[in-house]
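Quick notes on the structure that follows.
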Amino acid sequence: EAEVAQSPRYKITEKSQAVAFWCDPISGHATLYWYRQILGQGPELLVQFQDESVVDDSQLPKDRFSAERLKGVDSTLKIQPAELGDSAMYLCASSTPDRSSYEQYFGPGTRLTVT
Amino acid sequence: GESVGLHLPTLSVQEGDNSIINCAYSNSASDYFIWYKQESGKGPQFIIDIRSNMDKRQGQRVTVLLNKTVKHLSLQIAATQPGDSAVYFCAENKSQRGNQFYFGTGTSLTVIP
């Protein structure tokens, strides 16, 4: 069964450093999402792509976060500089444009710890 | 923003019993809801969905009930098994952004063998 791939699975970084996460969605999924999940809470949408275009990045802290999906396939989320409050699970999800179901398929996530 | 929340943060049930997980939503314009299961260290996994033109939908051992009058969702798990232990989230879409969802806080289900 096809899965969303994410790497790394775990990342420890010092505050003020740069960090990057990678996501490879399920083949053929045009929509890609990045979420942040703080421990004990539900995922919060950071950015949504349709192919290579950003559909919604209204919740992305643009002073330090950036996201790209240059060829409309895999995607990178970057934080620079990282802050202590950025410690969280970063989840990537993808979905098809099929309007009969809006199911999002999630990857395993990247657990970020900022020290 | 809209509020999607769960009534109980934790739930413990005996193996074999039925489980009921509740969720309240505040946006009456939401027209599509999904329940996700998240096991420790993993991403959320789709369980079942329901559209606002339905009151009930059944899957394998799971049933989702939607009460639009009081803006309430519930997930019923029949014959709960140890493998059902996880955090369960309800997610609510915005009809204007059909494929964008707000997630609730989650309910942690523990199944006691």
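Chain letters run A, B, ... following the sequence lines, proteins first and then strands; every chain starts at 1. The basis for the numbers below is simple: all heavy atoms, side chains too, and nothing from hydrogens, waters or symmetry mates. Remember, predicted model here, so these are calculated numbers, not experimental data.
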Cluster check A:Val54, A:Leu46: I/L/V/M/F/W/Y, side chain < 4.5 angstrom: yes
More than 12 heavy atoms of other groups within 6.0 Å of A:Glu3 CD: no
Within 6.0 angstrom of A:Glu14 CD, more than 12 heavy atoms from elsewhere: no
Heavy-atom closest contact (A:Gln37 atom, B:Phe89 atom, distance): NE2-CZ, 3.3 Å
Cluster check B:Leu65, B:Ile21: I/L/V/M/F/W/Y, side chain < 4.5 angstrom: no
Heavy-atom contact with chain A under 4.5 Å, split by part of B:Gln45: neither
Check: B:Gly41 main-chain N/O paired with A:Arg9 side-chain donor or acceptor under 3.5 Å: yes
Centroid-centroid distance, A:Tyr35 to B:Phe103, less than 6.0 Å: yes
Heavy-atom closest contact (B:Ile34 atom, A:Glu103 atom, distance): CD1-CA, 4.1 Å
Rounded distance [0.5 Å steps], CD in B:Gln100 versus OG in A:Ser95: 11.0 Å
Interface moiety of A:Gln104 toward chain B, non-hydrogen atoms closer than 4.5 Å: both
Nearest non-hydrogen partners of B:Thr105 and A:Gly40, listed with the distance: CG2-O, 3.4 Å
Spatial distance of atom CG (A:Leu45) from atom OH (B:Tyr102) [nearest 0.5 Å]: 8.5 Å
CA sep, side-chain torsions, deciding dist, call: A:Phe106, B:Tyr36, ring pair (Phe, Tyr, Trp, His ring centres under 6.0 Å): CA-CA 10 Å; A:Phe106 284 83; B:Tyr36 282 93; 5.5 Å; yes
Pair B:Phe46 and A:Tyr105, ring centroids less than 6.0 Å apart: no
Connected via hydrophobic side-chain network under 4.5 Å: A:Trp34 and A:Met89: no
Exceeds 12 heavy-atom contacts within 6.0 angstrom, atom NZ of A:Lys62: yes
ILVMFWY network linking B:Tyr88 to B:Ile48, side-chain heavy atoms under 4.5 angstrom: yes
A:Tyr102 versus B:Tyr32, closest heavy-atom pair with distance: N-OH, 3.3 Å
A:Leu84 CG: over 12 foreign heavy atoms closer than 6.0 Å: yes
